[in-house]
Amino acid sequence: NAGVTQTPKFQVLKTGQSMTLQCAQDMNHEYMSWYRQDPGMGLRLIHYSVGAGITDQGEVPNGYNVSRSTTEDFPLRLLSAAPSQTSVYFCASSVAGLTGETQYFGPGTRLLVL
Amino acid sequence: GENVEQHPSTLSVQEGDSAVIKCTYSDSASNYFPWYKQELGKRPQLIIDIRSNVGEKKDQRIAVTLNKTAKHFSLHITETQPEDSAVYFCAASIWTASKLTFGTGTRLQVTL
């Protein structure tokens, strides 16, 4: 199993550009989430999904869109990038509920918005 | 929503000493409390977690305690080693390993 994969690893954008951060998992996990990590702020939840076709907002959803057309994929879209979105983005997945398994994080995408 | 506070923000200990990191949470409905370790440039990795139906859990040199009444939980690392140096995050959630609210992290440095 590859676990949780993310692409790209690094990205530089100009203000106003759009892009999609890709996330995929091959563990058949129902739940998937996107977090951003900023220095001194810990990880903050952007959006999450409890299954294909179902998404909801987290703590910091503004400026980001998500969709979940399949169990495996959960892309994060930046519609018009802003310097405040410079961050490291982590995708994560887990099974539903608390069945003993944990949340697995992807390797992260480092985004710089100029 | 849930708010998780974590202290201290930095912690320096000598090799072999113990380290304690403390977190408090605001939502009394929270019942899942994981701890993650993150090395520089790497993804967070779960090191231990606890659910609200137990007060303490131990895994070798690492232990976590939970006080539901006071709404705080702590990470204890004994016999620290240089490879324990990393940033540690606590988190809380309700009935899921996803949708976590994280603390702001503690940078632990273990010196020789």
Side-chain angles (χ1 to χ4, degrees), chain A residues 2-7 9-10 23 25 27 29-51 54-61 66 68 71 74 87-110, chain B residues 1-10 21 23-27 29-54 57 59 62 64 66 75 86-107:
Chain A
V4 181
T5 59
Q6 291 183 238
T7 57
K9 290 183 179 180
F10 303 98
C23 174
Q25 53 91 11
M27 299 174 282
H29 284 168
E30 297 95 335
Y31 284 19
M32 296 186 74
S33 307
W34 276 103
Y35 295 86
R36 61 177 288 173
Q37 184 173 30
D38 304 298
M41 300 288 290
L43 289 91
R44 292 181 292 169
L45 183 66
I46 304 171
H47 286 285
Y48 67 98
S49 169
V50 300
I54 306 170
T55 64
D56 205 349
Q57 296 181 349
E59 180 186 355
V60 288
V66 292
R68 184 103 178 265
T71 299
F74 191 42
S87 189
V88 180
Y89 292 86
F90 288 100
C91 178
S93 73
S94 70
V95 296
L98 294 176
T99 62
E101 293 196 30
T102 185
Q103 178 169 233
Y104 296 88
F105 281 88
T109 293
R110 190 174 296 272
Chain B
E2 175 66 279
N3 182 53
V4 177
E5 294 189 356
Q6 183 172 348
H7 300 281
S9 57
T10 60
I21 302 170
C23 290
T24 61
Y25 61 99
S26 61
D27 191 340
S30 291
N31 61 354
Y32 177 65
F33 307 94
W35 286 89
Y36 284 85
K37 177 184 181 181
Q38 187 178 32
E39 297 176 347
L40 189 63
K42 300 296 179 83
R43 74 190 79 187
Q45 296 210 316
L46 181 81
I47 55 172
I48 196 168
D49 57 12
I50 192 168
R51 295 163 199 191
S52 61
N53 58 344
V54 297
K57 184 177 179 180
D59 183 4
I62 294 173
V64 58
L66 172 64
L75 176 71
V87 179
Y88 291 81
F89 292 96
C90 62
S93 69
I94 305 171
W95 286 116
T96 177
S98 293
K99 203 182 174 188
L100 298 174
T101 299
F102 282 85
T104 51
T106 296
R107 183 174 300 278

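These numbers come from the heavy atoms of this one structure, side chains and all, not from hydrogens, waters or symmetry mates. Chain letters run A, B, ... following the sequence lines, proteins first, then strands; residues in each count from 1.
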Q.
For B/F102 and B/Y36, take the angle between the two ring planes, folded into 0 to 90°, and tell me which bin it lands in: parallel under 30, tilted 30 to 60, perpendicular over 60.
A.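 The arrangement is tilted - the two ring planes meet at 30° to 60°.
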
Q.
Does any backbone or side-chain atom of A/V4 lie under 4.5 Å from a heavy atom of chain B? Answer side chain, backbone, both or neither.
A.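 For A/V4, the backbone is the part near chain B, not the side chain.
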
**Q.** Contacting region of A/F105 [heavy-atom separation from chain B under 4.5 Å]
**A.**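 Contact with chain B involves both backbone and side-chain atoms of A/F105.
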
Q: Could you tell me which residues satisfy salt bridge (Lys or Arg N to Asp or Glu O under 4.0 Å) with B/E39, sequence neighbours excluded, listed by chain and number?
A: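 Result, salt bridge (Lys or Arg N to Asp or Glu O under 4.0 Å) vs B/E39: B/K37.
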
Q: For B/K99, check salt bridge (Lys or Arg N to Asp or Glu O under 4.0 Å) against everything at least two apart and list the hits.
A: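 Expected list: none.
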
Q. Between B/V87, B/L46, B/L100, B/V4, which has the largest tally of heavy atom pairs under 4.5 Å with chain A?
A.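 The candidate making the most pairs under 4.5 Å is B/L100.
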
Q.
With chain A as the partner, which of B/Q38, B/R107, B/Q45 has the greatest number of non-hydrogen pairs under 4.5 Å?
A.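 The option with the most such pairs is B/Q38.
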
Q. Side chain, backbone, both or neither: which part of B/P44 has a non-hydrogen atom closer than 4.5 Å to chain A?
A.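 The answer is both parts of B/P44.
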
Q: Kindly indicate, with the supporting measurements, whether the criterion salt bridge (Lys or Arg N to Asp or Glu O under 4.0 Å) is fulfilled by B/D59 and B/K57.
A: CA-CA 7 Å; B/D59 183 4; B/K57 184 177 179 180; over 6 Å; no

Q) Does the side chain of B/Q6 come under 3.5 Å of the side chain of B/T106 through a donor N or O and an acceptor N or O? A)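 Checked: B/Q6/B/T106 side chains pair up, N/O donor to acceptor below 3.5 Å.
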
